[in-house]
Structure formats: C-alpha cells, structure tokens
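Both counts, for ligands and for their atoms, begin at 1 and track the order of listing. Scope of the values below: all heavy atoms of this structure, side chains included, with no hydrogens, waters or symmetry mates. Keep in mind the model is a prediction, meaning the values are calculated, not measured.
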Amino acid sequence: MQAIVLHQTGNKNNYADLFSIKEVPAPGISDDEVLIKIFNASLNHRDLWIAEGAYSKIKLPVILGSDGAGIIYEKGKNVNNFSTGDKVIIYPCSNWGSNENFQNRNFEILGMPADGAFAEYLKVHSSAVFKFPEHLDFIQASAFPLAGLTAYRSLFVKAEIKNTDNVLITGTGGGVASFALMFALIAGAKVFVTSGSDDKIKKAVSLGAEGGVNYKSADWINELKDITENKIDIVIDGSGGKYFSGYVDLCSYGARIVSYGATLGAAGKLDLHKVYWKQLKILGSTMGTVSDFINMLEFADTNKSIPIIDKVFPFKEYLKAFDRMKDSEQFGKIVLEFAK
Ligand SMILES: NC(=O)c1ccc[n+]([C@@H]2O[C@H](COP(=O)([O-])OP(=O)(O)OC[C@H]3O[C@@H](n4cnc5c(N)ncnc54)[C@H](OP(=O)(O)O)[C@@H]3O)[C@@H](O)[C@H]2O)c1
C-alpha cells in the first residue's frame, strides 16, 4: 500500500524533508481487528506538532493521521458486528481508562505511536470502529473524529452549554473551533468568534455567528465587550498564549473557560482576583471518552450536522495540505483523498 511516512522530525518550513510517500506492506490483522480501506483522512494540528518534534516519545518511522473514513476491507474472525464494505470511522483514542473525567497515563492517540490514517489501509481494534451517520459522505465523515470529539466534550461535557449562553470561540478557522462553532449554534447559543482573518469572521457570521473580532486588533478586548454587550458565559479556546488573560477579563460572572489546546504557548499573566471574584471555572479538556464519541455521532445524526470542510487534496499533494494548516489558511477541516 502507499503511505505518507514521517521518517524524521524537523523544521516546519520544510516538511518535504520529513515525509515521503512510500510503498509499505498493508498491515496484517489479528482476530479482533479490522483492516479499513481509507478513502479520506483529515489533518489535525497534532500531525504538524509531531512532524516538528514538539511531542515527547516520538516513534519513527510512523504513519500519522488520527482521522480516517473508509470501508471495512477485511475483518478478524472474532469480529461479528461489521461486514466487509461497511462505511466506518474510527474512535481515535485508546486506553482512556475507567474514569470518565480524565484519561489513563498510557492513553494513546491514533497516528503515533500506532500507525494512523495517512495510508491506503489502516488496522484497528474493532471496538474503535463505528458506522457513521448516513447523511455524511466519506470526506465529511473523515473530518469528525478527533476535532469533533474535542469540540463536543468541551462544549457539552465540560462547559455544559445552554441555549441562553453567549459563547466565544477563539480562532474560528481551526479544525476544533469550526466544530465548536457548528455544535454551539445547533445548541441554540449565541456565538461570537475571534480570528486572525476578517474573511473568516465574515464566514462564521454567514454560518450563524452573531459577530467576531480580529485578535490582531490592538483593541480586541474592548471590541469583544461591545459586540457581546459584556456577556460571555463560555470561552472555548485552543490557542492560549497572551490572549488567555483577556478571556478572564471578558468573562461574565460564573463563566466557564475551556482550554483544549495551547497553540501559542503558556497563558500570559492571569488576574486571579478576577478568577475567584467572578467565580470562573477554568476547565481543561482532551479529546473524549468512547461515550462522548457515541453521543457526538448521535448528536450529528439527529441534527444532520455537516462539518465545515476547508479543502480536499489528493493524498499525493499532502505537502500543500500541511502547509495550508501551518499557515492558518484554513476554515474548517483539511482533508486528504485516497483512491476509492
Ligand atoms: N486537547 C486535545 O484533545 C486537543 C484536540 C485537538 C486539538 N488540540 C490542540 O488545539 C489546537 C488547535 O488544533 P486544531 O487541530 O484545531 O488546529 P488548526 O486547525 O491548525 O487551527 C489552529 C487555529 O488557531 C488559530 N489561532 C492562531 N492564532 C490564534 C490566536 N492568537 N487566537 C486565537 N486563535 C488563534 C487560527 O485560527 P484563525 O485562522 O481563525 O485565526 C488557526 O486556524 C492545537 O494546539 C492542537 O494541538 C488539542
């Protein structure tokens, strides 16, 4: 099979030195596993962090990719709940453990250390495989797992969103943020966004957001205070950095800030007086349990949710796809396409 193989980590300005397309043997499966023929796989920022060597314990060579959609091509003899040809996606976590509130120490994400979905075939344990809602095509289905799960848990499990909430979603163009936008709108909340691109703010408004502010503006905090009329009940943030203290400033009494990522690194100075006086909840969230995943798929099915797809690239053009994400050009999920 053909696979996009990461053989070394290094400089983000030259992914071509780090990856190559290789002919490798398709994985063999055990009795409890299935072999999935991947039709589409979507990118997550995690793939870039790994290529750049930003994670510990990186195992090389490896096939990245936490999100894939395809069909069951072969199944082990103990697998009774699927037939070959079933259209499926994959729950991208393993070893979550028994506590719903947080994952085990040996928790893993598909696509490093185990080989992932940037290949024509992928083997996984059958318990991680799910049929996807029928209204989705393979491209849309491949967008869901990691980003959708992260957004779903952040909004529904952690922030406990209600339809009376004003929700701020930061960096709306990102994969997780675009799912958070979609889910929060379906939940009936009023949604506000930030972005580094005025065009992306316009797009978020065209999708149903009330308004947005460009975080590159020197006065972004006051601009957000104006458009939200000083009411922000939930912040869903994956960027962190110096902006984080601004979210504490902006939050209404009793608000919840969910942090699912730190693209910009450590938070700036936090005014703890505001944290305790306003009785804020600052909540961390990472991906989700298998129950969260099932609930997300049911939610998507009930509401006929269609994820925001930025662009689809033939898998051989993976470098263009990675560069698009590196340069924050996307609005929504970037998807690779393999031969059907
Ligand atoms: N904890 C978890 O389970 C989990 C799961 C998924 C992702 N993450 C982490 O969350 C982050 C986002 O992941 P992703 O896959 O959604 O990445 P992505 O698709 O590459 O999105 C990143 C987005 O960050 C936004 N951004 C850049 N500077 C910003 C700023 N100053 N303020 C607000 N937003 C800013 C940009 O939005 P605009 O283009 O709109 O400016 C960009 O599109 C990454 O750090 C990732 O590692 C964590």
Which segment of [X] sits under 4.0 Å of ligand 1 when only heavy atoms are counted:
| X | answer |
| --- | --- |
| Lys200 | side chain |
| Trp49 | side chain |
| Leu48 | neither |
| Ala147 | neither |

Those atoms of ligand 1 less than 4.0 Å from some heavy atom in [X]:
| X | value |
| --- | --- |
| Gly174 | 16 (O), 18 (P), 19 (O), 21 (O), 23 (C), 43 (O) |
| Tyr243 | 31 (N) |
| Gly261 | 9 (C), 10 (O) |
| Thr286 | 1 (N), 2 (C), 3 (O) |
| Leu264 | 29 (C), 30 (C), 31 (N) |

So, [X] and [Y], do they make that salt bridge, N to O below 4.0 Å?
| X | Y | result |
| --- | --- | --- |
| Asp301 | Lys304 | yes |
| Asp271 | Lys269 | no |
| Asp233 | Lys162 | no |

> Any heavy atom of Gln330 sitting closer than 4.0 Å to ligand 1?
Replying inline: yes
>> Would Ser285 count as a contact residue for ligand 1, given that I'm defining contact as a non-hydrogen atom of the residue lying under 4.0 Å from a ligand atom?
In response: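 So Ser285 counts as touching ligand 1.
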> Listed by chain and number, what are the side-chain contact (heavy atoms from CB on, under 4.5 Å) partners of Ile221, not counting sequence neighbours?
Replying inline: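 So Ile221 forms a side-chain contact (heavy atoms from CB on, under 4.5 Å) with Lys225, Asp249, Leu250.
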> Which word best sums up how the rings of Phe299 and Phe183 line up, parallel for under 30°, tilted for 30 to 60°, or perpendicular for over 60°?
Replying inline: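 Judged by the thresholds at 30° and 60°, the geometry between Phe299 and Phe183 is perpendicular.
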>> Ring-plane angle category for His45 and Trp49, please: parallel below 30°, perpendicular beyond 60°, tilted otherwise.
In response: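 The rings of His45 and Trp49 sit tilted, inter-plane angle from 30° to 60°.
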Does an N or O anywhere in [X] fall below 3.5 Å from an N or O of ligand 1?
| X | result |
| --- | --- |
| Met325 | no |
| Gly196 | yes |
| Gly175 | yes |
| Leu146 | no |

> Regarding Asn44 and Lys333, is there a side-chain donor-to-acceptor distance under 3.5 Å anywhere?
Replying inline: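 Lys333 and Asn44 do have a side-chain donor-acceptor pair below 3.5 Å.
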>> Hydrogens and angles aside, do Ser239 and Asp237 bring a side-chain donor and acceptor to less than 3.5 Å of each other?
In response: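 Looking only at side-chain atoms, Asp237 and Ser239 do form a donor-acceptor pair, the distance falling under 3.5 Å.
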> What pairs with Asp137 under salt bridge (Lys or Arg N to Asp or Glu O under 4.0 Å), at least two apart in sequence or on another chain?
Replying inline: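 With sequence neighbours excluded, Asp137 shows a salt bridge (Lys or Arg N to Asp or Glu O under 4.0 Å) to no residue whatsoever.
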> Passes ring-ring contact (aromatic ring centres under 6.0 Å, His included), Phe19 versus Phe118? Steps please.
Replying inline: CA-CA 11 Å; Phe19 293 93; Phe118 294 167; 7.9 Å; no
Among all protein heavy atoms, pick out the one at the shortest distance from [atom]; state its residue, atom name and that distance to 0.1 Å.
| atom | result |
| --- | --- |
| atom 16 (O) of ligand 1 | Val176 N, 3.0 Å |
| atom 41 (O) of ligand 1 | Tyr215 OH, 2.4 Å |
| atom 33 (C) of ligand 1 | Ser239 OG, 3.2 Å |
| atom 1 (N) of ligand 1 | Tyr260 O, 2.8 Å |
| atom 5 (C) of ligand 1 | Thr150 OG1, 3.2 Å |
| atom 20 (O) of ligand 1 | His45 ND1, 2.5 Å |
| atom 40 (O) of ligand 1 | Ser195 OG, 2.7 Å |
| atom 11 (C) of ligand 1 | Thr263 OG1, 3.4 Å |

> Are the side chains of Leu149 and Tyr91 in touch, meaning some heavy atoms are under 4.5 Å apart?
Replying inline: yes
>> Between Phe293 and Tyr152 (judged by ring centroids, cut-off 6.0 Å), do the two rings come close enough to count as a pair?
In response: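 No, the ring of Phe293 stays outside the 6.0 Å limit from the ring of Tyr152, centre to centre.
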> Can a protein heavy atom be found under 4.0 Å away from atom 24 (O) of ligand 1?
Replying inline: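 False for atom 24 (O) of ligand 1.
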>> Show, in sequence, the C-alpha distance, side-chain angles and deciding distance for Asp323 and Lys326, and conclude whether the salt bridge (charged side-chain N to carboxylate O under 4.0 Å, His left out) test is met.
In response: CA-CA 5 Å; Asp323 281 341; Lys326 179 197 73 181; 3.7 Å; yes
>> Checking Tyr243 against Tyr215 for the ring-ring contact (aromatic ring centres under 6.0 Å, His included) test, could you report, in this order, the C-alpha distance in whole Å, the side-chain angles of both residues, the deciding distance, and whether it holds?
In response: CA-CA 8 Å; Tyr243 297 87; Tyr215 52 70; 5.6 Å; yes
